[in-house]
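The figures that follow rest on heavy atoms only: side chains count, while hydrogens, waters and symmetry mates do not. Residue numbers begin at 1 in each chain, while the letters A, B, ... track the order of the sequences.
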There are 2 protein chains.
Amino acid sequence: MRLSTQSRYGVRAVFDIAYHGGGEGVQIKDIARRQEISPRYLEQIFQKLRDAGIVTSKRGPRGGYSLAKSPEEIRLVDIIRVTEGGLEPVFCVHPEKSGKDCDRVAKCVTRLIWKEAGEKLEDFFDSVTIQDLCEKSELLGVQKERGRSLMYYI
Amino acid sequence: MRLSTQSRYGVRAVFDIAYHGGGEGVQIKDIARRQEISPRYLEQIFQKLRDAGIVTSKRGPRGGYSLAKSPEEIRLVDIIRVTEGGLEPVFCVHPEKSGKDCDRVAKCVTRLIWKEAGEKLEDFFDSVTIQDLCEKSELLGVQKERGRSLMYYI
DNA sequence: ACATTATCTACTAAATTAGTCAAGAAAAAT
DNA sequence: ATTTTTCTTGACTAATTTAGTAGATAATGT
Ligand code: FES
Ligand code: FES
C-alpha cells in the first residue's frame with residue numbers, strides 16, 4: 001500500500017510554498033532545492049495542481065507558484081486526489097469511474113472491504129490541512145527561508 | 001494508493017478456503033476456478049501464506065490447503081502484511097526496516113503524516129476477520145460449493 | 001530587446017508487478 | 001511398487017507503471 005511519489009512530492013511542494021513563501025510566489029527551482037526534488041519532475045506535478053485549482057502560477061521574472069487558497073483551506077486529500085487519481089485501493093471499487101467493470105462485483109465481498117478502507121484513508125487525509133503541516137514543522141524547528149529578499153540584500 | 005494484486009488475491013484465496021472448504025483441504029485449482037485467478041500465480045501467494053503460518057498444506061491426492069487457524073482468528077492485516085510487505089505508505093516511515101534511511105527525517109513533517117495514515121489503515125485491516133467476510137458473503141447470497149463430494153456423486 | 005520563469009508535449013529509463021514455466025518431492029490410492 | 005495427484009522451489013519473461021528527462025514555446029517584468 002504505497003503512496004505514489006507524485007503524491008508525496010506534491011504535498012511537500014504545496015507545504016513548501018506555504019511555509020517558505022510568505023504570500024509571495026515561489027519558484028520551482030527553490031522548491032526543488034529545499035525539498036531535494038528534480039525541478040523538471042516538479043513541473044509536471046504542478047501542472048496537475050494548477051489544473052485542480054490548488055495553486056496559481058505566474059510567468060516571467062519574479063513569477064512562480066502561489067497557493068490558490070489559504071493553508072487552512074487546503075486539505076491533503078485535495079492534493080492526493082489529484083496526484084494519485086483517487087484513493088480507492090482497487091479499481092473494482094468504482095467500476096463506473098475506471099470504465100471497465102468487474103463481472104464479479106455482485107458476488108465479491110472483498111470489494112466492500114477495500115471500499116471501506118479507502119474511505120477511512122480519505123477521511124484521514126481530509127482531516128489534515130497544509131496549515132497543520134506548517135505548525136508541526138515550526139514545532140520541529142525547521143528554519144523558514146523567507147522570500148527572495150535574502151538574495152538581494154546579502 | 002493501491003493494494004497489490006497479491007494482497008487482493010491473497011485475501012480472496014484465504015476467504016475461499018474458509019467459505020467453500022468446510023474444514024477439508026482445498027485445492028489450488030478449485031480456488032483458482034472459483035476466484036478466477038491464475039493457478040500458477042496463486043501458488044506463489046500460498047507459499048508466502050504458508051510460511052507466515054496462515055494456511056497449512058498437504059500434498060498428494062485429496063491434498064490441498066487448509067486454514068491454520070479458525071476464521072475468527074485470521075485478520076486481514078495478517079494476510080496483507082505478508083503479501084504486501086508492510087502497510088506503511090512510504091519507506092521513510094521505517095528507515096530501520098528498509099535499510100536505507102532518508103537524511104531528511106529530522107526536518108520532514110510529511111513523514112509523520114504518512115506514518116499516521118499507515119496506522120489508521122492497519123487498525124482497520126486488523127478489525128476485519130475472515131469470519132466477517134464469510135458472514136457478509138452469506139448475506140450476499142453467494143452459493144457455497146461444499147467439497148469434492150459433489151464431483152463424485154454427480 | 002532581453003532575461004526569466006512557467007507551459008506543453010513527447011520521449012526514455014528504471015523499477016515493479018503480474019504472470020509463466022519446468023523439474024522435483026511428498027503423500028495417497030490402487 | 002507404481003502411478004497419480006498435488007504441493008514446492010526457483011528461475012524466467014512480459015506487461016505495466018512510475019519516475020525522470022528534454023526541447024521548444026509563451027508570458028512577464030526590467
Ligand atoms: S469486484 Fe472485482 S474482484 Fe471484487
Ligand atoms: S523522511 Fe524521507 S522525505 Fe520525509
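Residue B:Gln6 places none of its side-chain N or O atoms closer than 4.0 Å to OP1 or OP2 of C:dT17.
Under the 30°/60° scheme for interplanar angles, the aromatic rings of A:His20 and A:Phe15 are found to stand perpendicular.
For A:Tyr41, taking side-chain heavy atoms from C-beta onward, the closest of the listed nucleotides C:dG19, D:dG20, C:dC21 is D:dG20. Among the nucleotides D:dT9, D:dT28, D:dT21, the one closest to any side-chain atom of A:Pro61 is D:dT28. Between D:dG29, D:dT8, C:dA28, one nucleotide has an atom nearer to the side chain of B:Glu43 than all others, and that is D:dT8. Checking C:dA10, D:dT6, C:dT7 against every side-chain atom of A:Arg59, the shortest atom distance belongs to C:dT7. Side-chain proximity of A:Ser57 to the nucleotides D:dC7, C:dA6, D:dG23 is greatest for C:dA6. Comparing atom distances between the B:Arg40 side chain and each of D:dT6, C:dC21, D:dT8 picks out C:dC21 as nearest. For B:Arg50, whose side chain is taken as the heavy atoms from C-beta onward, the closest listed nucleotide among D:dT8, C:dG19, D:dA22 is D:dT8.
Computed from coordinates, the A:Lys29 NZ to C:dA6 C1' distance equals 12 Å when rounded to whole Å. Whole-Å rounding puts the A:Leu3 CG to D:dT17 C1' distance at 15 Å. What separates CG of B:Leu49 from P of D:dT8 is a distance of 11 Å, to the nearest Å. Residue B:Ile28 contributes atom CD1, which lies 15 Å from atom P of C:dG19 at whole-angstrom precision.
Salt bridge annotation for B:Lys144-B:Glu138: present, with a cationic side-chain nitrogen under 4.0 angstrom from a carboxylate oxygen. Remark: B:Arg81 engages B:Glu122 in a salt bridge, criterion side-chain N to carboxylate O under 4.0 Å.
Residues A:Ile113 and B:Val11 fail the side-chain proximity criterion, which asks for heavy atoms closer than 4.5 Å.
Residue contacts shown for B:Tyr65 are limited to sugar-phosphate atoms, with no base heavy atom under 4.0 Å away.
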